[in-house]
Amino acid sequence: MRPKQQVTKLPVYQPGKPIDEVKRELGLKHVIKLASNENPFGFSPKAKEAILADLDNLTLYPDGAGAEVTRAVAGHYGVNADQLIFGAGSDDVILMIARAYLVPGDETIMATHTFPQYKHNAEIEGAISVEVPLKDGKHDLDEMLRRVNERTKIVWICNPNNPTGTIVTGQELEAFMNKVPSDVMVALDEAYYEYTTDEAYPDSLELLSRYPNIVILRTFSKIYGLASLRIGYGIGHPDVIRTINQVREPFNTTRLAQAAAAAAIRDQGFVEQCRKLNREGIAYLLGEFRRLGLFSYSAHGNFILVDIGRPSGPVFDELLRHGIIVRSGEKLDFPTMLRVTVGSREQNEAFVRALELVLHGAVQES
């Protein structure tokens with residue numbers, strides 16, 4: 001059997017190490033996972049109530065149209081139902097966009113260091129990924145604009161960017177949109193949107209009303225704490241959403257995911273509390289990194305990319321022995337950096353204690 005030629009060269013996604021595996025391998029009783037940008041504060045009690053209320057319906061297929069969750073999200077943002085599409089996480093929406101719009105020979109533009117699923121799905125469709133290096137950890141929009149040509153179909157902008165945590169400002173994005181051709185889709189991946197507090201961050205919904213070639217991607221996996229239920233969504237012009245819907249699988253989100261998401265988005269008090277605690281965690285970690293003399297990028301999501309000044313692989317391994325799972329920069333093409341999820345106060349303090357011990361030990365041995 002012969003698969004697509006382009007598929008044979010694709011890397012398999014490497015997730016962070018699971019807690020139970022680390023416990024088993026290293027004989028640890030307590031492990032803190034700060035590797036996958038999950039919400040350490042759980043999820044809304046209202047989402048749990050919605051899940052429990054729907055448990056007796058597991059024999060029934062989910063609503064293929066997602067009517068309830070569509071009403072909830074549309075009401076929250078003040079958009080129409082035909083402007084929304086749901087997927088098994090926002091990465092499923094990325095897959096559908098690539099499937100609906102890209103054919104062999106098309107070009108799609110993205111940053112060199114960003115969420116890898118843009119390139120992954122583009123290459124499955126035989127499209128050419130044009131990668132533009134980050135500039136001081138940020139998207140270089142001027143260079144991305146220069147790379148646009150008659151073959152360009154989609155430009156991907158991850159905002160805040162994963163893994164650097166930096167943002168494109170509203171002013172920068174609007175200047176970009178004023179110059180990009182109207183027949184080129186600009187996919188704004190805002191998976192960490194709810195964590196942002198910087199007033200310079202764009203109001204992408206307002207931009208969508210003026211630029212119908214924008215598609216906004218958001219998720220319930222991050223601040224809403226529903227990562228295991230796999231539900232995210234896209235917001236766009238009705239014509240664009242209709243096209244993407246044409247390649248959507250009939251039941252691509254589950255009953256429980258739809259019910260939980262609808263309840264979660266109606267509990268903005270929970271979201272606000274998580275945002276506040278996350279900002280406190282960022283302030284603490286950045287202060288500790290400065291104390292330790294470590295460079296880190298500005299953080300606008302729920303993670304920080306910090307430069308430890310030495311190969312990150314051995315430091316990652318040593319942190320595991322201390323019961324701390326982070327993301328090694330070697331896996332992200334930042335060989336001297338670690339990406340650490342902002343945890344609870346106790347988790348953050350435990351990470352800093354372990355990191356200081358590991359770095360001090362490495363200095364002593366050198």
Side-chain angles (χ1 to χ4, degrees), residues 12-20 33 35-55 57-74 76 84-100 115-118 120-121 124 156 158 162 187-195 215-236 241 244-245 247-267 270-271 274 301-303 327 341:
V12 176
Y13 179 75
Q14 299 295 321
K17 291 183 77 68
I19 291 175
D20 288 342
K33 184 184 178 188
S36 299
N37 303 342
E38 295 149 332
N39 188 344
F41 308 109
F43 53 91
S44 167
K46 294 181 180 179
K48 184 174 183 178
E49 291 170 9
I51 291 170
L52 293 174
D54 210 27
L55 277 179
N57 295 318
L58 294 185
T59 58
L60 304 176
Y61 281 107
D63 175 7
E68 181 187 0
V69 69
T70 298
R71 278 193 297 271
V73 174
H76 178 68
L84 291 167
I85 185 166
F86 291 83
S90 56
D91 44 355
D92 187 33
V93 183
I94 293 168
L95 180 154
M96 290 187 281
I97 289 172
R99 190 174 185 184
F115 189 49
Q117 293 307 104
Y118 314 141
H120 181 86
N121 284 290
I124 288 173
W156 305 90
C158 188
N162 181 10
L188 302 177
D189 187 347
E190 297 183 344
Y192 301 93
Y193 153 78
E194 291 88 357
Y195 283 111
V215 176
I216 302 162
L217 308 177
R218 292 182 182 172
T219 184
F220 287 95
S221 294
K222 301 305 178 186
I223 206 166
Y224 289 100
L226 301 178
S228 69
L229 292 182
R230 308 306 302 124
I231 183 163
Y233 55 100
I235 313 172
I241 296 301
I244 301 170
N245 243 323
V247 302
R248 181 178 63 83
E249 296 298 327
F251 303 111
N252 65 328
T253 59
T254 67
R255 289 188 66 92
L256 297 186
Q258 291 180 22
I265 203 166
R266 293 182 175 119
D267 189 359
F270 173 81
V271 172
C274 291
N302 69 333
F303 57 91
R327 191 72 161 160
T341 302

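FYI, the numbering just counts along the sequence from 1. This one's a predicted model, so the numbers in the text were calculated from it and none came from an experiment.
Looking at heavy atoms from C-beta onward, L84 lies out of side-chain contact with I241 at the 4.5 angstrom threshold. When side chains are defined from C-beta on, N37 counts as touching K222, because their heavy atoms get closer than 4.5 Å. Between L217 and I97 there is a side-chain heavy-atom pair separated by less than 4.5 Å. Contact of the T341 side chain with the E38 side chain is not registered, since no non-hydrogen atoms from C-beta on lie closer than 4.5 Å. Using a 4.5 Å heavy-atom threshold, the side chains of M96 and I85 count as touching.
Under the 4.0 Å criterion applied to side-chain N and carboxylate O atoms, R230 and D91 are assigned as salt-bridge partners.
Nearest heavy-atom pair, A47 versus L226, reported as atom, atom and distance to 0.1 Å: CB-CD2, 4.3 Å. Between A88 and N252, the shortest heavy-atom distance links the atoms CB-O, 3.5 Å. Closest approach of L256 and L229 over heavy atoms only: O-CD1, 4.1 Å. Shown here for A50 and A263, the closest heavy-atom pair between the two residues is CB-CB, 3.8 Å. In terms of heavy atoms, Y195 sits closest to I223 at OH-CA, 3.3 Å. Considering every non-hydrogen atom in both E194 and V271, the closest pair reads CB-CG1, 4.3 Å.
A distance-only check finds no donor-acceptor pair linking the side chain of Q258 to the backbone of P62 [under 3.5 Å]. With hydrogens and angles ignored, the 3.5 Å screen pairs a side-chain donor or acceptor of R248 with a backbone N or O of P250. Looking only at distances, no side-chain donor or acceptor of N162 sits under 3.5 Å from a matching main-chain atom of F115. Looking only at distances, a side-chain donor or acceptor of S44 sits under 3.5 Å from a matching main-chain atom of K46. Here the side chain of D267 pairs a donor or acceptor atom with the backbone of F270 at under 3.5 angstrom.
Residues passing the ring-ring contact (aromatic ring centres under 6.0 Å, His included) test with F43, sequence neighbours excluded: none. Residues forming a ring-ring contact (aromatic ring centres under 6.0 Å, His included) with Y224 (at least two apart in sequence, or on another chain): F220. Not counting sequence neighbours, the partners of F251 by the ring-ring contact (aromatic ring centres under 6.0 Å, His included) test are Y61.
The CD1 atom of I244 lies 11.0 Å from the CD1 atom of I94; values are rounded to the nearest 0.5 Å. In this structure, OH in Y193 is found 14.0 Å from OG1 in T219, a value given to the nearest 0.5 Å.
A parallel orientation is assigned to the rings of W156 and Y118, their planes being inclined by less than 30° (bins at 30° and 60°).
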